[in-house]
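Note sheet for the following structure.
A quick note: this is a predicted structure, and the numbers were derived from the prediction, not measured. Each chain gets a letter, A, B and so on, in the order the sequences are listed, and its residues count up from 1.
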2 protein chains.
Amino acid sequence: MNIYDIAACSGVSIATVSRVLNNSPSVSPKTREKVLRVMQQESYTPNAFARGLGLNSMHMIGLLCTDVSDTYYAKAVSLVEKRLRKDSYDALLCCTGNDPTDQKKFLQLLLSKHVDAVILIGSAFKEDAQNAYLAQAAKEVPVVIINGLVELPGVYCVLCDERNAVRQNVHSLLHQGITRILYLYDVLTYSGCQKRVGYQDGLAEAGLPEMPELTVQVPKSIPEVRDAVAALLKDGPSFSAILASEDLIAIGALKALQNAGLQMPVIGFNNSILAQCASPGLTSVDNMLEILCPTAVGLLEKLLSGEPVPQKTVISSRLVERETFHAN
Amino acid sequence: MNIYDIAACSGVSIATVSRVLNNSPSVSPKTREKVLRVMQQESYTPNAFARGLGLNSMHMIGLLCTDVSDTYYAKAVSLVEKRLRKDSYDALLCCTGNDPTDQKKFLQLLLSKHVDAVILIGSAFKEDAQNAYLAQAAKEVPVVIINGLVELPGVYCVLCDERNAVRQNVHSLLHQGITRILYLYDVLTYSGCQKRVGYQDGLAEAGLPEMPELTVQVPKSIPEVRDAVAALLKDGPSFSAILASEDLIAIGALKALQNAGLQMPVIGFNNSILAQCASPGLTSVDNMLEILCPTAVGLLEKLLSGEPVPQKTVISSRLVERETFHAN
DNA sequence: TTGAAAGCGGTACCAT
DNA sequence: ATGGTACCGCTTTCAA
């Protein structure tokens, strides 16, 4: 069943059928009615490829995500996809992993599929070399970055003020009289850098010196973090609170503390389900995916309909206090 | 840059360019070489829509998933997507939620996009009414179900023997002298049913009567499960071990036990990252997504190239013991 | 081995 | 308001 058949059955031309299909106002109600009835009867579905060829769009958005199996990114993908459906966009999912070469390859791949736009979720795009590719891509279609920042024409960023979130955490710990705060992080994506700088900000504001021995990079793995923190507890510099760039990392640290029979404030990041799973419940910074994601898609919607939108949208975080917050 | 331009630049016809594009053997090495060089020079990319229109395929697979924000499904989607890329298929992601109406709507949507196949991940398709839609869909494209079972022509299932997994868990608990085992579950998808039946199997084998008061349905939410289990501990039937259909549920139960100062064997399901996050570490059944997902895509690969494949592939699970396993 | 040309199923412009 | 028709860019059959 194609548009020609429908045209024949309805006794009109394919042009008219196409108009009905596209809700063109210039079709008489009677004609529209008739054509629609035939479509219904024949349970006609327009061919998406033919449509794509003509319009140069299949109403698809490319989702470039480092890793959907990660709880945080999975949530972001879920929220984005749900919001995209509202505008009847389809989501083409592309998981890149952390290799920059793959990331650019997949970006290329999405463009070759003529997606209407690309949304970056947790991408590590950060170095200039990669940004060159992003810049190129952004010339072809709008690029929206969730919780990342690349200031380039055609690239729009929606992000959470994580730097300030960490700064405030430091501040509140200092307020409890804790000055030696261990900061654990894994990768230095844009987001990763912001958090670390927030940690430094917090200390600097209180006139405290930087403590490089308390800023420790760890792999994103519970047992490895646990062991690393255990080692620190044994031989390392002393500390009496822990901030982590990720819930998972915080949980690894929590395990080390438990094994050592110690208690101290531990604050994670992302407010993921993992934070709820931990015992004691992990206090965590919520970076507001529930807001970021719909906002990002909303932006895209406007962009694609030609409306102007800000290149950068920043929202603030929210601390979710659970059992690991206070000292003693 | 289209195929005509490339043809012109190479001094051949578009047919020849097309042949080169599709690795047709009937092109002389010299011609092929020449055309390829031009393509390279012009950094030509064939138009995916035009290709789709001609071939009636854009080399896309529809992923029908109830909820990617769920840790378990996210992992499945991740593994499937990764494996699909190997065969250079793209993944069109569709999150349906649990409403059967939506599920059939999205299935329809994927079909209208002419995906080459559909992979169901954690779908609740179970009732006959829905199966009618599946049957219809399976007439158009192959349907592969991961960890679910629907026996219909054109539907292929790859699943884990979860029934047996639970049976064995019951068995081993009975062996430890525990006869009163609380079974917690949330939804009765195919998988959900199998697990529950496994629980019954285990008890039946030991000649124990069914204990409906120990088979409790709970919502998939840590605090709600915690409260439900706390209530059972207070006023309910006695039990001295807990089996759950999901890690998340097991963790809720664990929290209730901790609050009550109690310890008993608790076994979760899925061996998700959540199990590692819990303290004490949650013993959990691994239902082998790492095997199921690649197997499912491998099946699809064969199907799409016309090779025959079994309609049902079952693999066995693996118990991952952590701290919550043994009594005392 | 190569080329010409007829689809594939729509969109959109130009007439009427 | 409606119809005719030239695209869109590729695949594939048929002839040469």
Side-chain angles (χ1 to χ4, degrees), chain A residues 1-39 42-60 88 90 109 111-116 140-141 304, chain B residues 1-39 42-60 88 90 109 111-116 140-141 304:
Chain A
M1 252 317 130
N2 60 27
I3 206 175
Y4 292 90
D5 301 321
I6 300 296
C9 291
S10 324
V12 298
S13 72
I14 62 162
T16 299
V17 176
S18 178
R19 288 191 192 99
V20 171
L21 228 38
N22 295 286
N23 292 315
S24 160
S26 55
V27 178
S28 78
K30 244 181 64 185
T31 311
R32 178 186 308 280
E33 178 71 22
K34 186 174 53 183
V35 173
L36 282 174
R37 195 166 37 243
V38 173
M39 287 179 171
E42 311 289 335
S43 64
Y44 161 76
T45 323
N47 181 300
F49 299 142
R51 214 135 190 251
L53 185 54
L55 297 172
N56 197 33
S57 155
M58 263 181 64
H59 227 65
M60 293 192 306
S88 62
D90 288 324
L109 190 136
L111 293 181
S112 82
K113 252 66 184 186
H114 289 264
V115 292
D116 293 20
E140 299 188 32
V141 297
L304 292 171
Chain B
M1 252 318 126
N2 62 27
I3 207 174
Y4 291 90
D5 301 320
I6 299 296
C9 291
S10 323
V12 298
S13 72
I14 60 162
T16 298
V17 176
S18 177
R19 286 189 194 100
V20 171
L21 229 38
N22 295 285
N23 292 315
S24 160
S26 54
V27 179
S28 77
K30 244 181 62 184
T31 311
R32 179 187 308 279
E33 179 70 20
K34 187 173 53 183
V35 173
L36 281 175
R37 196 165 38 240
V38 173
M39 286 179 171
E42 312 288 336
S43 65
Y44 161 76
T45 323
N47 182 297
F49 300 142
R51 212 136 192 252
L53 185 53
L55 296 172
N56 198 32
S57 155
M58 264 182 59
H59 227 65
M60 294 192 305
S88 62
D90 289 324
L109 190 134
L111 293 181
S112 82
K113 253 64 185 189
H114 290 265
V115 292
D116 293 20
E140 299 188 32
V141 296
L304 292 172

Residues forming a side-chain hydrogen bond (donor to acceptor under 3.5 Å, both in side chains) with A:Ser88, sequence neighbours excluded: none
Kindly give the atom pairs (protein nitrogen or oxygen, nucleotide nitrogen or oxygen) under 3.5 Å for nucleotides 7-9 of chain C.
none

Compile the donor-acceptor pairs under 3.5 Å between side chains in residues 46-60 of chain A and protein atoms, sequence neighbours left out, one pair per line.
| unit_1 | atom_1 | unit_2 | atom_2 | d |
| --- | --- | --- | --- | --- |
| A:Asn47 | OD1 | A:Phe49 | N | 2.7 |
| A:Asn47 | OD1 | A:Ala50 | N | 2.9 |
| A:Arg51 | NH2 | A:Asn22 | OD1 | 2.7 |
| A:Asn56 | OD1 | A:His114 | ND1 | 3.3 |
| A:Ser57 | OG | A:His59 | N | 3.0 |
| A:Ser57 | OG | A:Asp116 | OD1 | 3.0 |
| A:Ser57 | OG | A:Asp116 | OD2 | 2.9 |
| A:His59 | NE2 | A:Asp87 | O | 3.4 |

Under the salt bridge (Lys or Arg N to Asp or Glu O under 4.0 Å) rule, what pairs show up with a residue in residues 24-39 of chain A, not counting sequence neighbours? A:Glu33-A:Arg37
Once side-chain contact (heavy atoms from CB on, under 4.5 Å) is applied, do any residues pair with B:Ser43, and if so which ones, sequence neighbours excluded? none
End-to-end bend of the helix from C:dT1-D:dA16 to C:dT16-D:dA1 (five-pair axes, 10° rounding)? 30°
Measuring only between side-chain heavy atoms, which start at C-beta, is A:Val35 closer than 4.5 Å to A:Arg19? no
Gap between atom OG1 of B:Thr16 and atom CG of B:Leu21 - 0.5 Å precision: 11.5 Å
For B:Thr45, check side-chain contact (heavy atoms from CB on, under 4.5 Å) against everything at least two apart and list the hits. A:Ser112
Quick one: side-chain contact (heavy atoms from CB on, under 4.5 Å) partners of A:Val38, sequence neighbours excluded? A:Ile6, A:Cys9, A:Ser10, A:Glu42
Contact interval (first through last nucleotide) of DNA chain D with protein chain B, 4.0 Å heavy-atom: D:dG9 to D:dT13
What residues 15-31 of chain A contributes to the DNA chain D interface at heavy-atom separation below 4.0 Å is A:Ala15, A:Thr16, A:Arg19, A:Ser26, A:Val27, A:Ser28, A:Thr31
side-chain contact (heavy atoms from CB on, under 4.5 Å) assessment of B:Tyr44 paired with B:Ile3: CA-CA 9 Å; B:Tyr44 161 76; B:Ile3 207 174; 4.1 Å; yes
Do B:Asp90 and A:Leu109 pass the side-chain contact (heavy atoms from CB on, under 4.5 Å) test, and can you show the C-alpha distance, the side-chain angles, and the key distance before you say yes or no? CA-CA 9 Å; B:Asp90 289 324; A:Leu109 190 136; 3.4 Å; yes
Rounded distance [0.5 Å steps], CG in A:Asp5 versus CD1 in A:Ile14: 11.5 Å
Closest non-hydrogen atom pair between B:Ser13 and B:Ala7, with its separation: C-CB, 3.7 Å
